[in-house]
Every structure is written in C-alpha cells, then in structure tokens.
Number of protein chains: 2
Amino acid sequence: MPDQIKTDRRFATTLGRGLSVLRAFRPSDDGLGNAEISARTGLPKSTVSRLTFTLQSLGYLNHARRHDKYRPGPALLALGNMASASISFVELSAPLMQRLADETRTLSLLLVRDHSKMLIVKTWRPRNVASLWLEVGHRLPFYGSSSGHALLGSLSAEGFDQTVEDADGDRGLTAERGQKVRRDAQNQLVTQGFVVSDPEDYFSPNIHAVAVPFHSRDLCEPVIFTCGAMPDGLSLKRMHADVGPKLCATVQELERLMGQGPSSAVREL
Amino acid sequence: MPDQIKTDRRFATTLGRGLSVLRAFRPSDDGLGNAEISARTGLPKSTVSRLTFTLQSLGYLNHARRHDKYRPGPALLALGNMASASISFVELSAPLMQRLADETRTLSLLLVRDHSKMLIVKTWRPRNVASLWLEVGHRLPFYGSSSGHALLGSLSAEGFDQTVEDADGDRGLTAERGQKVRRDAQNQLVTQGFVVSDPEDYFSPNIHAVAVPFHSRDLCEPVIFTCGAMPDGLSLKRMHADVGPKLCATVQELERLMGQGPSSAVREL
DNA sequence: CCTCTAAATTCCACTATGCGGAATTTTGTT
DNA sequence: AACAAAATTCCGCATAGTGGAATTTAGAGG
C-alpha cells in the first residue's frame with residue numbers, strides 16, 4: 001500500500017486492481033453492478049467491465065441470473081475456505097470463541113487489519129440473545145476502537161510506523177495520537193492482558209468492547225479477538241472484571257492449542 | 001476456462017494468473033516457494049516472482065519470517081469470510097450439517113465445481129469419531145465420485161455441455177460416459193432425491209458416499225452436499241435406507257430456511 | 001569459514017496487453 | 001414507444017508485463 005510499491009516495476013497493477021474489485025463487495029450488498037464497483041474502487045468503468053468479465057469467467061464472481069448484478073462466486077468460496085483451513089488457528093478458535101460468546105453474552109469477533117481499518121473477519125453470536133449490530137465485512141476505524149488500539153499496541157516499532165504511514169490522513173490518526181494510543185494499549189496488555197479503550201475516544205458511544213491480540217505463527221501480523229456489546233449489557237466494570245480476563249484466558253487457551261509460547265501477546269516492548 | 005475466453009480481448013491475463021497462484025495453495029502445504037508455485041501453475045519463474053511480490057504486498061500472501069516460504073495471508077482470510085457471509089446458505093448450513101455428521105457418524109462435505117474437479121470447500125466431522133480422510137482443498141474427480149455425478153445430474157443441458165467441454169480429456173470423462181452418468185444421476189434425484197454412484201465406477205474403493213445438489217439463489221451453479229465414510233461404516237444399504245434420506249431432508253430443511261421452493265433440486269429435466 | 005547448489009530475484013529489449021475516453025448497445029422504466 | 005441508466009465495445013496508444021538469461025541470495029555440508 002505504500003505508494004512506492006505501486007510504482008515498483010515488480011507490482012502487477014492489473015492483479016491489484018482485480019483484487020480490489022473483489023474487496024469492494026460487502027456481505028450486506030445484494031449484488032453489485034459495474035457502475036457501483038467503479039464508484040467504490042475509483043477505477044474507470046471500462047476497466048471494471050473487463051475485470052468483472054475476467055473474474056466472472058473464472059468463477060470468482062456470479063451473475064445469479066443473466067444481466068443481474070455481480071455477486072461473489074463459488075471460486076471465491078473455495079479460495080476463502082482454503083485460507084481458513086491453511087491458517088489453522090481460525091478453525092481452532094471457533095469453538096472457543098462460540099463458548100466465550102455464550103458465556104459472556106457478548107458478540108465475539110475476529111478482526112484483521114485491512115489498510116487503515118480493522119476488518120471483521122468472523123463473528124460468534126451468543127445463542128438465544130439478540131445482538132445484531134456488527135457483521136462480517138464491516139470495517140472499524142483504527143483509532144477509536146478497542147480492536148484498533150489493541151493492534152497498535154501489539155505491533156512492532158517498524159510495523160507501527162508503517163501502519164501510521166499507511167493510515168496517513170485517516171480519521172484523526174496522527175502520529176502523536178497514535179503514539180499515545182499505542183503506549184496506553186501496550187501498557188494495558190502488559191498489566192492486564194487485554195485492551196479496553198477509554199470511552200472518551202470511542203468512535204461510537206453505543207459499543208463497549210475488550211480486545212486481545214493474537215500472534216499466529218502463520219501470519220506476519222497479529223490478529224485481534226474482541227468481545228463487544230451495548231454499554232447497558234457490558235459496563236466498563238464488567239469488561240475489566242469479567243469479560244476481559246475471560247477473553248484473555250480464551251486466547252491463551254488458543255495459544256496452548258497451537259503450541260506456541262503464551263508470551264507472544266506482547267512483543268518488542 | 002474454455003480456451004476461447006483466455007484469448008478474448010476482455011480477459012485480463014495478469015489477473016487470471018495471479019488468482020491461479022492463489023489457487024495453487026493447499027491446506028496441507030506448509031508454505032510454498034516460487035519454484036513450487038511455478039511448477040504447479042506452469043507459469044515462468046520470473047512471472048511468479050512478480051505475482052507473489054504483488055500478492056504479498058497486498059497482504060494476500062505472507063512470508064511468516066523473512067525469506068520463508070509463502071503462505072495465505074490475512075487479506076485472503078478477509079476475502080474468504082466475506083464470500084462465506086455473502087453466500088448466506090454457507091453459514092446457515094453449518095449447524096444442520098454438523099448435526100447430520102453427528103447423527104449419521106459420517107464425514108459431511110460441501111463441494112463446488114473447480115474446473116473439472118469437485119473441490120471440497122467445507123467439512124463437518126462427527127464428534128468423537130475418527131474419520132480423517134478428506135480435507136478442505138482436496139479435489140475429487142468428476143467422474144467416479146457421488147459428488148461429481150450429482151453435479152452432472154443437476155446441471156442444465158447447457159451447463160452440462162460446457163462442463164464436459166471444460167473437462168475434455170480429463171480422467172475418462174467422455175461425452176458418452178458423461179451422458180450415461182448424468183442420466184443415471186438425474187434418475188436417482190427424481191426417484192429418491194439423492195445420488196449414490198455405482199461402486200463399480202468409484203475412483204476409490206475405500207469411500208462410500210451419498211450426494212445431494214443444492215441450488216442457491218446466490219450462485220449460478222449448484223453446489224453439492226455429501227456424506228461419506230469407509231465402506232465398513234457405510235454400507236450401500238445404509239446409504240439408501242438411512243443416510244441418503246437424512247441428507248436429503250437436511251438439504252430440504254436448508255431450502256426451507258433460505259425460503260426457496262424445494263423442487264429446485266431437479267431442474268430442466 | 002568457505003564452497004557449492006538450488007532458489008529467488010533482477011535485468012532488459014520486445015510486444016502483446018491493458019488502458020480509458022468516447023461511441024454504441026442493451027436493459028428496464030415510466 | 002421513448003427515455004434514462006448501465007453495461008459493453010471500440011480503437012489507437014503507451015506501457016505494463018513478459019520470460020529467457022544473468023545475477024544475487026540463502027542455506028547446506030564439509
């Protein structure tokens with residue numbers, strides 16, 4: 001994503017553009033037309049037309065019916081499940097996180113960094129409890145979400161610098177603010193093992209959340225596990241006393257299952 | 001995949017090649033080097049090098065450590081879960097299929113067509129029963145697997161013709177054989193709602209399986225749900241009398257949940 | 001520490017590929 | 001039927017991507 005890379009002789013523009021077309025889709029979309037894709041990606045219509053043709057002919061996109069809008073196709077399903085199966089902690093975490101969601105009655109999430117946003121990759125809803133607010137595909141801002149702060153706090157110094165550079169100009173995440181948030185998150189991780197952001201900073205006052213980073217051996221970057229709910233169901237106090245520790249314990253259990261040292265949550269302090 | 005498409009002016013070669021690099025990965029791989037990718041895809045080394053550079057810089061691939069082999073990256077995880085969330089039957093089917101696996105003590109599968117193979121996209125293992133033979137990412141031959149036969153049987157005439165064309169020269173799937181298999185599968189679908197292939201035809205004598213196609217509104221092509229096990233745990237008789245009907249009922253339940261007419265399993269006969 | 005080998009990367013001249021604004025066609029809406 | 005909106009196609013140009021060969025890099029084994 002650094003501009004330098006995009007002009008690198010080695011960077012295959014067409015491939016990057018094609019993938020950005022795929023990334024334009026959200027689960028809440030009921031199909032996407034070329035025009036909408038063009039708007040979202042900023043690519044010219046004719047280019048999008050050729051890319052969708054390609055993706056469609058390879059099965060990554062679908063017209064459900066002739067001349068309908070495009071939808072994610074079977075090949076994408078295959079690719080994605082391949083990835084989930086390869087990155088083994090994803091499958092292993094599922095039962096643990098479902099149990100956690102049930103026990104704490106919170107929405108439990110797995111997020112990864114996507115550019116300068118935190119992208120929800122998987123959710124586990126507590127059974128028999130309504131909690132329909134965040135979905136796979138949503139992107140939370142870096143600054144102002146517990147997940148984002150947890151990521152900043154668990155990044156190495158280099159990783160952090162690069163991230164701030166990437167996010168340049170994005171929603172008030174300046175270098176100074178970033179540093180402050182990072183220090184705070186690091187501090188919380190060391191002392192208590194989880195991150196609860198100051199409600200003052202929250203991007204949305206209706207969401208309270210606790211976050212814990214996880215370093216997979218398979219991935220070069222940490223991912224974030226989070227528990228969240230509306231403030232009335234999840235007070236600050238309960239986050240600190242109950243949900244935070246439980247989330248933390250769950251991630252440690254996952255680390256144990258994966259056979260990695262438990263201290264990997266905090267690195268290069 | 002038809003050659004005609006690859007030379008079409010609209011087809012973006014680089015995008016297609018980049019995606020084929022991603023498709024080269026299997027869950028059983030412990031990372032892939034450029035050389036191996038080059039071998040699997042048939043692309044020149046230098047080309048692969050540039051494509052992996054691109055995919056890596058976009059987060060679709062990972063070096064876990066510097067100069068390690070490539071692995072699927074976080075962006076791929078994001079893309080895949082986006083797809084699963086968009087194609088709603090996938091999420092809906094999970095609990096039903098898990099229950100089915102437990103009840104029948106078979107390995108339950110979801111497969112989609114990938115070129116001229118059936119690709120395992122998801123698996124549900126019966127709890128507390130060892131049955132470790134088929135994994136996500138494995139590809140079953142079209143001809144000689146219940147899944148493949150079920151797909152052939154549920155394809156429209158045009159879809160079938162195109163499929164046979166695609167698979168041209170592949171493992172003994174000739175036009176005539178295909179027609180025979182298709183007719184048989186169609187017949188089974190109409191009369192009993194599921195497909196059990198003649199063990200004579202099986203690509204592997206160690207696997208017995210029942211398959212049922214499912215037409216999702218989101219997809220232009222049917223997907224296949226399957227229950228399989230070793231012959232000693234899953235006799236022909238039990239497939240017909242017990243597992244087949246249960247699988248069939250499960251898919252019907254899924255159709256009900258999705259709010260689609262139940263008769264979509266058999267089309268354009 | 002220094003080969004040696006296999007793999008990865010870079011080089012470079014060529015050309016097919018992808019580009020994108022504009023024109024055309026298709027779709028479905030009133 | 002007439003219109004508007006979206007999708008596709010056209011086409012000459014610039015260049016992005018190509019791939020064989022040369023170079024660099026990284027482990028393995030002495």
Side-chain angles (χ1 to χ4, degrees), chain A residues 1-25 29-58 60-73 220, chain B residues 1-25 29-58 60-73 220:
Chain A
M1 194 193 187
D3 281 3
Q4 210 181 344
I5 283 182
K6 285 200 186 128
T7 56
D8 190 302
R9 191 77 205 295
R10 294 169 293 175
F11 189 85
T13 316
T14 311
L15 174 53
R17 288 176 158 192
L19 290 167
S20 81
V21 166
L22 293 179
R23 262 211 327 259
F25 285 78
D29 295 326
D30 187 35
L32 244 49
N34 281 342
E36 180 64 18
I37 295 174
S38 172
R40 290 193 188 182
T41 57
L43 298 169
K45 277 134 50 94
S46 50
T47 300
V48 170
S49 189
R50 267 176 289 116
L51 294 175
T52 49
F53 171 84
T54 305
L55 292 169
Q56 135 96 272
S57 70
L58 293 173
Y60 292 90
L61 292 181
N62 256 168
H63 292 301
R65 291 175 301 283
R66 186 105 184 93
H67 288 123
D68 194 17
K69 322 220 143 190
Y70 288 104
R71 302 156 180 285
C220 58
Chain B
M1 177 158 213
D3 282 1
Q4 208 183 346
I5 282 183
K6 286 204 187 122
T7 57
D8 191 301
R9 192 76 203 293
R10 294 168 294 174
F11 189 86
T13 317
T14 312
L15 175 53
R17 289 176 158 192
L19 290 167
S20 79
V21 166
L22 293 179
R23 261 211 327 259
F25 285 79
D29 295 325
D30 186 35
L32 243 51
N34 281 342
E36 180 64 20
I37 296 174
S38 172
R40 290 194 188 181
T41 58
L43 298 169
K45 275 135 50 92
S46 50
T47 301
V48 169
S49 190
R50 269 175 288 117
L51 294 176
T52 50
F53 172 85
T54 305
L55 292 169
Q56 134 97 276
S57 70
L58 293 173
Y60 292 91
L61 291 181
N62 256 168
H63 292 301
R65 291 174 302 282
R66 186 107 186 88
H67 288 123
D68 193 19
K69 323 218 143 191
Y70 288 104
R71 300 157 182 284
C220 59

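Treat the numbers as computed from the prediction; the structure is a model and nothing was measured.
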Atom CG of A:Leu51 and atom C1' of C:dC19 are separated, to the nearest Å, by 11 Å
Closest non-hydrogen atoms of A:Cys220 and B:Asn62, given as atom of the first, atom of the second and distance, are SG-ND2, 2.9 Å
Can a donor-acceptor pair under 3.5 Å be found between the side-chain atoms of A:Arg17 and the base atoms of C:dG18?
-> no
On DNA chain D, check which nucleotide each of B:Ser46 and A:Ala35 is closest to and give me the residue with the more 5' one.
-> A:Ala35
Under the 3.5 Å rule, do the base of D:dG17 and the side chain of A:Arg10 count as making a donor-acceptor pair?
-> no
Would you mind reading off the distance between B:Leu61 atom CG and C:dA8 atom P, rounded to a whole angstrom?
-> 13 Å
Nearest-nucleotide wise, let me know which of A:Ser49 and B:Leu43 is further upstream toward the 5' end of DNA chain D.
-> A:Ser49
Nearest whole angstrom, please: distance from the C1' of D:dG17 to the CZ of A:Phe11.
-> 13 Å
May I have the step-by-step check of side-chain contact (heavy atoms from CB on, under 4.5 Å) for B:Leu55 and B:Tyr70, ending in yes or no?
-> CA-CA 10 Å; B:Leu55 292 169; B:Tyr70 288 104; over 6 Å; no
Measure the distance from NE2 on A:His63 to C1' on D:dA6 and round it to the nearest whole Å.
-> 12 Å
Test log, rule salt bridge (charged side-chain N to carboxylate O under 4.0 Å, His left out), inputs B:Asp29 and B:Arg40 = CA-CA 12 Å; B:Asp29 295 325; B:Arg40 290 194 188 181; 2.8 Å; yes
Interatomic distance, A:Arg50 CZ vs D:dG17 P [rounded to whole Å] = 12 Å
Nearest-neighbour nucleotide for the A:Thr13 side chain, D:dG17, C:dT17, C:dA22 considered | D:dG17
Rounded interatomic separation in angstrom, taking NZ from B:Lys45 and P from D:dG20 | 11 Å
Do B:Arg71 and B:Asp30 sit within salt-bridge range, that is, some charged N less than 4.0 Å from a carboxylate O?
-> yes
Calculate the interatomic distance between B:Ile37 atom CD1 and C:dA6 atom P; express it in whole Å.
-> 20 Å
The nucleotide from C:dG18, D:dG17, C:dG21 with an atom nearest the side chain of B:Arg9 is C:dG18
Among the nucleotides C:dG18, D:dT9, D:dG19, which one has an atom lying closest to any side-chain atom of A:Thr14?
-> C:dG18
Output, in order, the C-alpha distance, side-chain angles, deciding distance and verdict of side-chain contact (heavy atoms from CB on, under 4.5 Å) for B:Thr13 and A:Thr54.
-> CA-CA 8 Å; B:Thr13 317; A:Thr54 305; over 6 Å; no
Name the closest nucleotide to the A:Tyr70 side chain, picking from D:dG17, D:dT8, C:dT10.
-> D:dT8
Counting heavy atoms from C-beta on, name the nucleotide in C:dT10, C:dG20, D:dG17 closest to the side chain of A:Ala12.
-> D:dG17
Nearest-Å distance, CG (B:Asn34) to C1' (C:dT10)?
-> 13 Å
